[in-house]
Amino acid sequence: MITVQRRLLRGATYSRLLHLWVPWLPFSIWIFILPDKPWVPALVLLPLGLIPSVRRVEGLQARLMLTPGEQDPGISETPSATRQDRLRTVLWLAVRIVLMVVVGFATVWPPLLAYSAGELAAGGSPGGVPVLEDARPHWAYALLVPLPLVVMGPLLVGLGDLATAAARRLLGPSPAERLTALEARTEQLLERTRIARELHDSIGHALTVAVVQAGAARAAGDPAFTERALGAIEETGRAALEDLERVLAVLREPERPAGSRPGLMDADRLLESARASGAEVDAELTGPLETVPGPVSREGYRILQESLTNALRHAGAVPVRVRIGVADGTLLLDVRNPLTEEVPGAGRGSGLRGIRERAALLGGRAWTGPDEGDWRVRAELPLG
């Protein structure tokens with residue numbers, strides 16, 4: 001009972017009742033015109049459920065009034081797409097009409113019964129209530145006055161809950177809509193994973209270059225070298241900020257095209273950044289790189305970036321050999337640098353794992369690990 005009393009203080013309880021009362025408007029107008037045929041409006045309203053847009057209107061109305069404030073009420077806002085959706089909408093309209101009649105009696109008769117019982121207790125007439133029309137005035141009817149009102153509260157709350165449950169069942173997403181929502185959610189999670197990798201690769205590369213440059217400048221003790229190192233740190237930082245702006249733009253504008261992200265045609269920027277850090281980069285780019293599809297080019301850029309970052313982070317300013325080529329419908333990336341005592345390991349680190357995951361998502365493969373005294377990263381990405 002305490003729970004019911006609390007529910008009666010919530011706005012959602014009365015918005016649900018208002019939702020159930022709305023159909024009374026066309027019915028009351030019709031009954032005023034032809035009171036002997038109250039069933040005619042139902043025959044007119046039910047076929048409306050076969051109109052696809054009616055499901056959307058009913059869904060919006062139900063979400064607004066039956067589930068106010070809920071983030072995911074389980075009620076669809078899309079038009080009917082299948083025959084099953086249209087039949088469910090017709091059934092919902094039928095349920096709504098029945099609940100309309102019930103809530104009409106539930107809100108009118110209990111107060112009327114309480115009033116009539118009070119009249120009888122005070123010695124008056126029952127006021128035309130059929131149940132009490134033969135009753136004689138008596139003070140004992142005063143005991144019955146609160147009973148209809150006590151029953152009215154739980155009844156109205158229950159009718160609101162019943163209408164909400166029926167709306168979720170009959171206006172809820174169809175299997176096709178659930179599948180579409182699941183695909184959208186999966187795509188969103190994949191996009192978040194991609195953005196996390198973008199930030200890891202771009203910011204990680206910039207910080208690695210900055211740390212290497214700063215350490216080399218301090219060890220060199222040469223003002224000219226320090227000046228060059230600061231310039232390289234500034235340039236790398238600016239490039240990282242540009243990449244960060246691209247990623248944030250994707251977050252702010254989900255429909256923004258991915259073509260603004262860097263690709264292999266921007267590989268010179270990475271190579272120059274690594275050279276500025278003191279590494280001797282021997283790069284060879286062969287084949288028509290400009291014909292590489294956008295997704296492959298962008299992922300290839302990130303794989304190259306992570307490979308150079310890995311070399312600078314674990315080996316420092318060492319010779320790095322980079323080979324990028326297009327042959328037989330495949331993009332080949334091969335990055336080698338001399339091994340040091342600190343070996344990252346083939347399965348450790350999110351960067352190395354990200355390289356293999358990027359290649360796998362494109363239907364290719366990547367291999368990372370020691371090879372003949374070098375640390376090697378090799379990726380094969382199909383262009384198709």
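When a residue number appears, it is its place in the shown sequence, counting from 1.
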Let me check something: do W21 and V101 share a hydrophobic cluster, defined by ILVMFWY side-chain heavy atoms less than 4.5 Å apart, either directly or through other members? yes

Among Ile, Leu, Val, Met, Phe, Trp and Tyr joined by side-chain contacts under 4.5 Å, find the other residues sharing a cluster with V151 and list them by chain and number. L147

Same hydrophobic cluster for L93 and I51, using side-chain heavy-atom links shorter than 4.5 Å among ILVMFWY? yes

Please report the C-alpha distance between L171 and R88 in whole Å, then the side-chain angles of each, then the deciding distance to 0.1 Å, and finally whether the side chain to side chain contact (heavy atoms under 4.5 Å, CB included) criterion is met. CA-CA 7 Å; L171 298 178; R88 290 169 65 202; 6.0 Å; no

Test side chain to side chain contact (heavy atoms under 4.5 Å, CB included) applied to T82 and D85, step by step: CA-CA 5 Å; T82 64; D85 290 342; 3.3 Å; yes

Would a hydrophobic clustering, with Ile, Leu, Val, Met, Phe, Trp and Tyr connected at side-chain separations under 4.5 Å, put L332 with V292? no

From the list H19, R16, E70, side chain to side chain donor-acceptor pair (under 3.5 Å) with T164 holds only for R16

Do E58 and R96 meet the salt-bridge criterion of a basic N to acidic O distance under 4.0 Å? yes

Looking only at heavy atoms, which two atoms of P68 and S15 are closest? And how far apart? CG-OG, 3.8 Å

Distance from D266 atom CG to L271 atom CG, nearest 0.5 Å? 11.0 Å

With side chain to side chain contact (heavy atoms under 4.5 Å, CB included) as the test, would you mind laying out the steps for L331 and I324 before giving the verdict? CA-CA 7 Å; L331 173 66; I324 303 175; 4.0 Å; yes

Would you give the length of the straight line joining atom CG of N337 to atom CZ of R376, rounded to the nearest 0.5 angstrom? 12.0 Å

Who else is in the cluster with M65 when I, L, V, M, F, W and Y are joined by side-chain contacts under 4.5 Å? L18, L64

When you group the ILVMFWY residues by side-chain heavy-atom contacts below 4.5 Å and let the links chain together, are L112 and V145 in the same group? no

Smallest separation among heavy atoms of A106 and M152, with atom names: O-CG, 3.6 Å

To the nearest 0.5 angstrom, please state how far the CG atom of L17 sits from the CG atom of L156. 5.0 Å

Might you point out which heavy atoms bring P110 and F105 nearest each other, and give the distance in Å? CD-O, 3.3 Å

Is there a side-chain contact between N310 and I355 (heavy atoms, below 4.5 Å)? no

dist L149:CG -> L113:CG (nearest 0.5 Å) comes out at 9.5 Å

Atom of A121, atom of A142 and distance for their closest heavy-atom approach: CB-N, 3.4 Å

Exactly one candidate in D371, D334, D282, D374 meets salt bridge (Lys or Arg N to Asp or Glu O under 4.0 Å) with R321; the answer is D334

Check for a donor-acceptor pair, side chain of R63 on one end and backbone N or O of I75 on the other, with a separation under 3.5 Å. yes

Considering only heavy atoms from C-beta outward, does the side chain of V335 approach that of I303 to under 4.5 Å? no

Taking atom CE of M265 and atom CG of L289, what is their separation to the nearest 0.5 Å? 6.5 Å

Hey, does L159 have a side-chain heavy atom less than 4.5 Å from the side chain of L99? yes

Pair L155-V102, side chain to side chain contact (heavy atoms under 4.5 Å, CB included): steps then yes or no: CA-CA 10 Å; L155 182 59; V102 175; 5.6 Å; no

V157 backbone acceptor or donor facing T13 side chain under 3.5 Å: no

I need the S80 OG to R56 CZ distance, nearest 0.5 Å. 12.0 Å

Smallest separation among heavy atoms of A163 and L66, with atom names: O-CD1, 3.8 Å

Can any side-chain N or O of R378 pair as donor or acceptor with the backbone N or O of W367 at less than 3.5 Å? no

Can any side-chain N or O of R365 pair as donor or acceptor with the backbone N or O of E380 at less than 3.5 Å? no

In terms of side-chain geometry, is the basic nitrogen of E299 or R302 positioned less than 4.0 Å from the acidic oxygen of its partner? no

Please report the closest heavy-atom contact between A62 and A167, naming both atoms and the distance. CB-CB, 4.3 Å

